[in-house]
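My questions will all concern the structure given below.
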Amino acid sequence: MVPADIYSKLNAEFGEAILAFEEIPVEPFIKVAPESIVAVSKYLKEEPDLKFDALMCLSGVDSGETLTVVYHLHSTEHRHKIVLKVEVPKDNPYMPTVEGIWMTANWHEREAYDLFGIIFDNHSDLRRILLPDDWVGHPLLKDYKPPEFYHDMPISFEARKE
Amino acid sequence: MSDLVTEEMMVSMGPQHPSTHGVLRLMLTLDGEIVKEAVPHIGYLHRCFEKHAENLTYPQIIPYTDRLDYMASMNNNLGFCVGVERLMGLEVPQRAEYLRVLVAELNRIASHQISLGSYGLDMGAFTPFLYVFRDREIILDIFEELCGARLTYNYVRIGGVARDASPALLDRIEEFVDYFEPWIDKYNNLFTYNKIFIERTANVGVMSKGMAINYGVTGPNLRGSGFQWDLRRDDPYSIYDRFDFNIPVGNGEFGTVGDSWNRYRVRLWEMEESVKIIRQVLNQIPEGPIMAQMRGAIRPPEGEIYARTETPRGELGFYIVSDGSPKPTRVKVRSPCFTVMSVFRELSRGCMIADLMAILGSFDIVLGEIDR
């Protein structure tokens, strides 16, 4: 199925929860309301002619005003792909986890939490994954400034020179 | 005896441990010899690739991709370049495409050799390690002649490849495959069908097909679970659709489909298939330019792409967001080792400590790619 058909199918099923369908190059995407992502994902995985059984990638993106979570889905049976996007405000970055649908999301959501500070509600094990547990801040945010010291060890270039 | 309860013990395995293939820490909860829980702690090799990528131009990122999966740098270069080229709609000259497939398959063999050798070490067999390193050396020499580097190549570039291969080098590659092909059988006799090795790995760490797909496991680990899935055939990139090769899957010859032995066995079959592809490339490679005509800085148009390629470890995806400037807004690496590591906790529950290394070794992980 092509993305436009998947969009109309989702739109018929969920109505207002499907916010938009944008045809940007190279891959169009479907924008979903944060509170409906679990229901939409479940539907995408279980509906017989969609069967998106594999979550290829889950990425966080800092898109200026908001934080975006991008889901790249793929069906090993029908061999089609789709991109979903969920946007959450920076000052309230809460959204539900899809860990219960694709286990791939478990570690990828931890990574998005670690590097962007997006908090996935009901996640079974939301800890930092790449950075140390006591690290301050979320480095992939565009306005991130690294701390000068970590446990008295100089980090920034300026701090090291002194 | 049956209601004898021993005290639980917490053991930290790693970060410095010979069988963890890098700096990985496993936090074990043990009941005697039995592992109740093994929680992987990663991040010791985190080098902020994604943050660096946002501050570099596209060609500058390529050497950084070398250092993700340093056992198969060519495949990493290729994955990133394929993504950028698709975003730009750039056509790559034919000779460059053939050279790319050639180096990618040679590197796949070299990577699988390392996997075989180090798995042997994990399982207490030292000899195979020496044999595979001897043969891998020839591939590294070929790469050295081709691009000047032995480990981090920076060879595949956006729009083509960095250098052309001389006819003498192509002859040398042909010589290598003629020499190497019979050795695959010898590896098998030496190691694959060794009784001790089979006892150690068959029926250990059985991963079902459904579990593998749900966790996003790809590559030889997924094929070991009996699912025929290879991006070279199922989502073709470069010119892989022109070649004739099989996709081997685990058959459960000695244990269950999806156990450690099958995951290991698939890699040896894949070496044979890579040899097949290399032979076809050498027969078909045309003359011509090796770089596409481009003007000025590389500026992909505004847009985004998720490009995935089949590296020796599975599906390597690059999610690239461009705003039309020479630097990407976001580069996310979907690493095959990262996803396969996430399955470890569930797979190792209830096994023996010695089996942990059998499972971990069969995944063939590279920590540089997990931590990025």
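Chain letters run A, B, ... following the sequence lines, proteins first, then strands; residues in each count from 1. Everything numeric in this text was worked out from a predicted model, so none of it was measured.
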Min side-chain heavy-atom separation B:His46-A:Ile129 under 4.5 Å |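 In short, these two side chains do not touch, never coming nearer than 4.5 Å.
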
Heavy-atom distance under 4.5 Å to chain B: side chain of A:Asp125, backbone, both or neither?
-> side chain

Distance from B:Thr339 atom OG1 to A:Met103 atom CE, nearest 0.5 Å?
->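 Reported to 0.5 Å precision, the distance equals 12.5 Å.
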
Against chain A, residues from residues 363-370 of chain B with at least one heavy atom under 4.5 Å, in numeric order, are B:Ile370

What are the two closest non-hydrogen atoms of A:Leu141 and B:Lys51, and how far apart are they?
->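 What the structure gives for the nearest pair is O-NZ, 3.2 Å.
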
Proximity breakdown for B:Val39 and chain A, heavy-atom pairs closer than 4.5 Å |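 Only the side chain of B:Val39 comes within 4.5 Å of chain A.
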
Quick one: sort the A:His108 and B:Phe338 rings into parallel, tilted or perpendicular, breaks at 30° and 60°.
->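 If you compare the ring of A:His108 with that of B:Phe338, the planes turn out perpendicular.
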
Could you tell me whether the side chain of A:Trp102 reaches within less than 4.5 Å of the side chain of B:Asn214, counting heavy atoms only?
-> yes

Considering residues, nucleotides and ligands other than A:Asn122, do more than 12 of their heavy atoms fall under 6.0 Å from its CG?
->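 Not more than 12 within 6.0 Å, no.
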
Check for a donor-acceptor pair, side chain of B:Ser342 on one end and backbone N or O of A:Asn106 on the other, with a separation under 3.5 Å.
->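 Judged by distance alone, no pair lies under 3.5 Å.
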
Interchain contact, B:Glu302 with chain A, by part (heavy-atom threshold 4.5 Å) =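 Contact with chain A involves the backbone of B:Glu302 alone.
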
Residues in residues 328-337 of chain B near chain A [non-hydrogen atoms, under 4.5 Å] = B:Thr329, B:Arg330, B:Lys332, B:Arg334

So, the part of B:Met211 with a heavy atom under 4.5 Å from chain A: the answer is neither

Neighbours of chain A found in residues 314-323 of chain B - heavy atoms under 4.5 Å |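 When heavy atoms of chain A are the reference, residues 314-323 of chain B contributes B:Glu315, B:Tyr319 within the under-4.5 Å range.
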
Residue A:Lys142 excluded, over 12 heavy atoms near NZ under 6.0 Å | yes

Side chain, backbone, both or neither: which part of B:Arg47 has a heavy atom under 4.5 Å from chain A?
->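 Contact with chain A involves no heavy atom of B:Arg47 at all.
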
Do the side chains of A:Trp107 and B:Pro40 get nearer than 4.5 Å, heavy atoms only?
->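 They are in contact (side-chain heavy atoms under 4.5 Å apart), so the answer is yes.
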
Of all of A:Arg128, A:Arg79, A:Arg110, which one pairs up most often with chain B through heavy atoms under 4.5 Å apart?
->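 Result: the option with the highest number of such pairs is A:Arg79.
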
Measure across A:Asp53 and B:Ile213 and return the closest heavy-atom pair with its distance rounded to 0.1 Å.
->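 Smallest heavy-atom distance, with atoms named: O-CG2, 3.6 Å.
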
Listed by residue number, which members of residues 75-92 of chain B have a heavy atom under 4.5 Å from any heavy atom of chain A?
->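 Under the 4.5 Å heavy-atom cut-off, B:Arg86, B:Leu87 qualify.
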
Is it the case that more than 12 heavy atoms not belonging to A:Tyr94 sit under 6.0 Å from its OH atom?
->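 No - once you tally the heavy atoms of other residues, nucleotides and ligands closer than 6.0 Å, there are 12 at most.
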
Sub-3.5 Å donor-acceptor pair from the side chain of A:Glu27 to the main-chain atoms of B:Tyr306, do we have one?
-> yes

Quick check, are the ring centers of B:Trp229 and A:His74 under 6.0 angstrom apart?
-> yes

Minimum side-chain heavy-atom gap A:Leu115-B:Glu50 below 4.5 Å = yes

Could you pull out the closest heavy-atom pair between A:Thr104 and B:Gly216, with the gap in Å?
->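 Closest approach of A:Thr104 to B:Gly216: OG1-N, 3.4 Å.
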
